[in-house]
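Given the structure is predicted, the values throughout are model-derived calculations rather than measurements. Order of the sequence lines fixes the chain letters, A, B, ..., with proteins taken first and strands second; residue numbering starts at 1 for each chain.
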Amino acid sequence: MDISAMSWDLSPQEAVNLQRELAGRVSFRPLPKRFDILAASDIAYAKEKNRLVAVIVTFRWPDLEPVEAVHVISPVRFPYIPGLLSFREVPALLEAYELLRLPPDVMLCDGQGIAHPRRLGLASHLGLCLAIPTVGCAKKRLCGIHGPLELRRGFDVPLVMNGEIVGCVLCSRDGVKPLFISPGHLSDLETSRELVRRCLGRFRIPEPLRQAHHLATRLREQLTTRA
DNA sequence: GCGACAG
DNA sequence: ATCTTGTCGC
């Protein structure tokens, strides 16, 4: 199957079948010890106009100095269905990716990696399409179970699915709701968690994702405020 | 049948 | 995610 020529106009059932097939192609390995560019992606929706803004921002690693930011605005053509988020967001992110002048070495995604019912969350799906390492960083749990977590910055507990550890639940700041970290593609449990830890600033959301989210929101405003 | 349910 | 007002806290 040729991922680059993939059709994105699928029925939910076809999407599920595709996920089952693609999940077997996800691979795991430690993220590179050293690399130059980290990317973070996010999407904002202009509900009224049925359009979305896909944003990718890149940073130098490990200092996190901004490098470039790109975005695309495109129509929403797949409904939100828990477990099928990637079919709604990945197509636009692939378009945005083409606009980057400097290809990133790793991408942080706003959603799950393999912590997914069929082990193919947004981060895994996107990483597979781009053939680059990705890490999933979600604000809520999709599936899996975990024990109690002490709400102190840096603390984490394993996220378990069917007896297997698929990620971790990480407290990014004292007293806040935890993040759900899982490997996307070409990454692993430990290096994914450490990458996110190194991206933590003074807010709950890791700084790169937070900036991508800010830009997406700002662009959505323009879309709503203008003609 | 009854919840749970990324963004 | 989006919509939406005031409000509690550092």
Side-chain angles (χ1 to χ4, degrees), chain A residues 8 12 15-16 18-19 22-23 26 40-57 71-94 96 107-129 134-146 151 153 159-162 166-170 172-185 187 192 196 201-206 208-225:
Chain A
W8 290 101
V16 166
L18 182 56
Q19 285 183 327
L22 294 181
V26 173
S41 63
D42 189 36
I43 285 185
Y45 294 88
K47 183 184 176 187
E48 200 58 30
K49 299 180 179 298
N50 263 321
R51 313 201 73 175
L52 58 78
V53 184
V55 165
I56 300 178
V57 183
H71 77 275
V72 298
I73 296 173
S74 55
V76 178
R77 48 181 191 169
F78 197 91
Y80 171 67
I81 300 172
L84 298 182
L85 177 65
S86 61
F87 292 88
R88 184 175 168 87
E89 304 198 338
V90 165
L93 290 172
L94 293 178
M107 172 118 65
L108 240 189
C109 304
D110 185 22
Q112 315 286 351
I114 60 169
H116 176 280
R118 290 166 295 280
R119 303 178 61 99
L120 197 83
L122 169 65
S124 299
H125 197 160
L126 185 58
L128 213 45
C129 291
T134 54
V135 172
C137 177
K139 299 179 290 299
K140 294 179 182 175
R141 185 191 69 92
L142 173 59
C143 58
I145 58 177
H146 67 269
L151 270 32
R153 183 193 176 104
L159 181 62
V160 178
M161 260 180 63
N162 306 312
V166 294
C168 74
V169 186
L170 172 68
S172 56
R173 208 191 153 189
D174 289 4
V176 304
K177 294 187 307 177
L179 266 19
F180 295 79
I181 313 302
S182 58
H185 180 51
S187 62
S192 289
V196 172
R202 57 173 298 200
F203 301 100
R204 177 186 176 232
I205 306 301
L209 279 177
R210 191 172 158 273
Q211 289 187 35
H213 185 266
H214 256 180
L215 179 54
T217 299
R218 201 173 69 207
L219 291 168
R220 179 183 58 77
E221 287 301 324
Q222 291 180 25
L223 200 57
T224 303
T225 304

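- When the nucleotides dG7(B), dT2(C), dA6(B) are ranked by their closest atom to the side chain of Ala44(A), dT2(C) comes out on top.
- Side chains of Leu93(A) and Ile43(A) form a contact here, defined as non-hydrogen atoms less than 4.5 Å apart.
- With centres under 5.5 Å and a plane angle under 30°, the ring of Tyr80(A) is stacked against the base of dG7(B).
- Residue Ile81(A) contributes atom CD1, which lies 17 Å from atom P of dC5(B) at whole-angstrom precision.
- In this structure, Arg141(A) does not reach the dA4(B) phosphate: none of its side-chain N or O atoms is under 4.0 Å from OP1 or OP2.
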For DNA chain B, the dot-bracket notation using Watson-Crick and G-U wobble pairs below 3.5 Å, [ ] for pseudoknot-type crossings and | for other-strand pairs, is .......
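- In this structure, the CG atom of Asp42(A) is 8 Å from the P atom of dT2(C), given to the nearest Å.
- In this structure, Lys140(A) does not reach the dA4(B) phosphate: none of its side-chain N or O atoms is under 4.0 Å from OP1 or OP2.
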Kindly give the atom pairs (protein nitrogen or oxygen, nucleotide nitrogen or oxygen) under 3.5 Å for nucleotides 3-10 of chain C.
| residue | atom | partner | partner atom | Å |
| --- | --- | --- | --- | --- |
| dC3(C) | OP2 | Arg220(A) | NH1 | 3.2 |

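- Contacts of Gly83(A) with the nucleic acid, taken as non-hydrogen atoms under 4.0 Å apart, include base atoms.
- Computed from coordinates, the Lys139(A) NZ to dA6(B) P distance equals 10 Å when rounded to whole Å.
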Please list every donor-acceptor pair under 3.5 Å in which a side-chain atom of residues 75-88 of chain A meets a protein atom from a residue at least two apart or in another chain.
| residue | atom | partner | partner atom | Å |
| --- | --- | --- | --- | --- |
| Ser86(A) | OG | His125(A) | ND1 | 2.8 |
| Arg88(A) | NE | Tyr45(A) | OH | 3.2 |
| Arg88(A) | NH1 | Phe78(A) | O | 2.7 |

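- One atom, CD1 of Ile43(A), and another, C1' of dG7(B), lie 9 Å apart when rounded to the nearest Å.
- Rounding to whole angstrom units, CZ of residue Arg88(A) and C1' of dA1(C) are separated by 7 Å.
- Atom CG of Leu209(A) and atom P of dA6(B) are 17 Å apart (whole Å).
- Taking atom CG of residue Leu142(A) and atom P of nucleotide dA6(B), one finds them 6 Å apart after rounding to whole Å.
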